[in-house]
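Working notes for the structure below.
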Amino acid sequence: MISDITLGQFFPGNSPIHKLDPRTKILLAIAYIVAVFLADSPVAFLFLILFSVVIVLISRISMRVILRAIRPILFILIFTALISLLMTVGEDEPLVSFWIIRIYTEGIYRAVLMGIRVILLIIGSSVLLTYTTSPIALTDGIESLLSPLKLFHIPVHIFAMMMSIALRFIPTLIEETEKIMNAQKSRGADFTTGSIVKRAKALIPLLVPLVISAFKRADELATAMECRCYRGDKKRTKLVKLQMHARDFLFFAVFAALIAAVVLLRIFTPAILERLPGAFWQIVFHRIR
Amino acid sequence: MNKIELENVSFRYSKGTPFEKIALDDISVGFEEGKITGLIGHTGSGKSTLVNLLNGLYKPTEGRVLLDGRDIHENPKEIGKIRAKVGLVMQYPEYQLFDETVRADIGFGPRNLGLSAEEIDERVKEAAAFTGITEQMLSSSPFDLSGGQKRRAAIAGTLAMRPEVLVLDEPAAGLDPRGRREILGGIREYVRKTGITLILVSHSMEDMALYCDNVVVMNNARVFRTGTVGEIFSDAQSLSEIGLDIPRVAKIAAELCRRGIPLEGELYTVEGVAAAIRSYLQRKEADV
């Protein structure tokens with residue numbers, strides 16, 4: 001059924017990650033993404049993987065749910081890895097040379113690390129943001145972080161409000177789609193068989209009522225908001241004020257250390273390599289370009 | 001004879017997830033051919049789920065749905081034919097209107113059946129006549145109609161498919177008394193004329209008493225009682241046990257009986273009770 005789709009699903013909970021200020025989480029997610037892109041050696045990635053596992057454990061979100069987040073991007077993941085594997089041209093002789101395929105050691109490094117990078121990005125952003133932050137808190141956080149833009153007369157509050165309304169109505173629209181689909185199926189509409197043109201045409205009886213009711217809903221919502229004297233961000237106060245706690249600063253420190261560690265590894269990798277001969281260390285500290 | 005029948009049907013939403021919910025719990029119920037059967041029960045008692053099972057929109061988790069004695073899910077490719085035979089009008093059906101004119105919208109179902117243009121036109125006219133849609137309305141956009149007219153156009157869209165079983169889920173919800181009478185009266189006339197089987201879901205006991213032959217009472221995902229209108233409404237006690245009411249006029253009749261005025265006849269419609277009181281008064285006069 002359509003309603004089984006999970007879109008940026010939020011899992012309510014009480015873990016230290018859940019309790020973080022949404023602004024903190026947004027900044028941490030950015031820091032995490034920077035760290036993932038700065039990492040360039042197997043040892044750095046090993047370090048990041050360990051770090052991510054600890055974050056997941058702290059968030060108390062089950063590994064099964066985390067793995068489910070990866071499933072939709074599996075295709076992109078394999079595709080990126082394959083491209084890296086086949087397109088990288090190394091300095092040494094190719095390891096495999098078959099037909100037009102040439103695979104170099106560098107290619108293997110890149111394919112594996114690209115894959116890990118994408119997986120880490122998904123896990124990090126979903127654990128830090130979508131899984132542990134309610135959509136409302138998330139938009140509140142974005143609004144607060146973007147509020148300096150108000151100086152340039154950018155209506156930050158309105159954007160944030162639009163975003164939270166859009167998020168709020170996703171489940172409603174899914175439910176409505178299902179309802180209209182069933183009504184038209186009852187009148188003999190067939191959404192699943194026939195040529196592409198026929199199927200596209202079959203969507204008209206679904207889309208027209210859906211768009212009309214969305215407009216109607218928007219209109220009603222606007223009226224309801226105005227009835228309660230909503231008028232944009234003109235001196236609007238908040239019921240729940242965002243507030244940073246000691247916890248937030250602790251996490252900031254940890255993530256700053258993470259970035260520092262990755263940067264240091266990046267800088268010192270060549271020096272470490274010179275001091276540690278041997279094939280094992282060569283692989284661990286291999287610098288991927 | 002039962003036109004359509006549920007045999008030990010259970011239905012669960014989101015089976016196998018933590019959100020699993022039992023909507024129907026091993027129910028068996030039949031709907032008599034050519035009769036109007038009312039389906040009543042509280043919100044959440046499983047009425048709408050049952051309705052969605054009747055034309056195969058939902059598939060029972062357990063049990064079978066039989067149309068003319070055959071399982072409707074016997075051949076999954078034929079489900080379109082089942083939906084042509086079992087016409088379902090959902091709650092607030094006006095949201096399903098989409099076409100440029102009311103005529104084209106009512107013709108959507110017949111077009112999906114692959115009928116000829118003349119046949120479609122004839123069926124649209126017939127359905128429009130029963131639901132009180134004028135020639136002028138047929139040529140206008142469905143979005144220019146009033147709420148009650150939209151509702152009637154949507155019902156006409158299903159009537160035009162000439163179903164053998166018609167299922168109406170709260171067809172009169174949110175309409176004024178006159179709109180109710182027009183819609184329900186028109187449908188009853190259609191049913192009597194064509195001899196189709198009608199299943200009418202409603203909250204209103206008055207509507208049940210006025211328009212139905214049989215009644216199925218649902219409670220907590222199970223069938224609570226089945227019987228003719230007379231049988232169901234003469235047992236006010238058990239209905240009130242599950243928090244349902246009997247028609248107001250039936251309450252008055254019951255109260256009169258309790259106070260020593262014996263009434264006989266159809267004691268659940270205004271006409272029936274009026275006739276019973278009249279005959280009581282005549283008998284009393286004759287005695288004097």
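Each chain gets a letter, A, B and so on, in the order its sequence line appears, and its residues count up from 1. Nothing here was measured: the structure is a model prediction, and the numbers come from that model.
Taking CG of A:Asp190 as the start and CG of B:Asn112 as the end, the distance is 8.5 Å to the nearest 0.5 Å. Taking CZ of B:Phe98 as the reference point, atom CG of A:Leu207 lies at 11.0 Å (rounded to 0.5 Å). From B:Leu57, atom CG reaches atom CE of A:Met181 across 11.0 Å, with rounding to the nearest 0.5 Å. To the nearest 0.5 Å, atom CG of residue B:Asn55 and atom NZ of residue A:Lys185 are 9.5 Å apart. Atoms CD and CZ, from A:Gln184 and B:Arg83 in turn, are 12.0 Å apart once rounded to the nearest 0.5 Å. A distance of 8.5 Å separates CE of B:Met161 from OG of A:Ser186, quoted to the nearest 0.5 Å.
Remark: A:Phe252 CZ is packed, more than 12 non-hydrogen atoms of other residues, nucleotides or ligands lying under 6.0 Å away. For CZ of B:Arg70, the number of neighbouring non-hydrogen atoms (other residues, nucleotides, ligands) closer than 6.0 Å is 12 at most. More than 12 heavy-atom neighbours from other residues, nucleotides or ligands sit within 6.0 angstrom of CD on B:Glu74. The number of heavy atoms from other shown groups lying within 6.0 Å of CG (A:Leu74) is above 12. Enclosure of atom CZ in A:Phe79 is not indicated, since only 12 or fewer non-hydrogen atoms of other residues, nucleotides or ligands lie within 6.0 angstrom. Within a 6.0 Å radius of CD in B:Glu100, no more than 12 heavy atoms belonging to other residues, nucleotides or ligands are found. Heavy atoms from other residues, nucleotides or ligands lying under 6.0 Å from NZ of A:Lys216 number 12 at most.
Looking at B:Gln96 and A:Val208, their side chains never come closer than 4.5 Å, going by heavy atoms from C-beta outward. With a 4.5 Å cut-off on side-chain heavy atoms, A:Glu176 and B:Tyr95 do not count as touching.
For A:Ile212, the part lying under 4.5 angstrom from a heavy atom of chain B is the side chain only. For A:Lys179, the parts lying under 4.5 angstrom from a heavy atom of chain B are both the backbone and the side chain. At a 4.5 Å heavy-atom cutoff, the contact between B:Asp105 and chain A is made by backbone and side-chain atoms alike.
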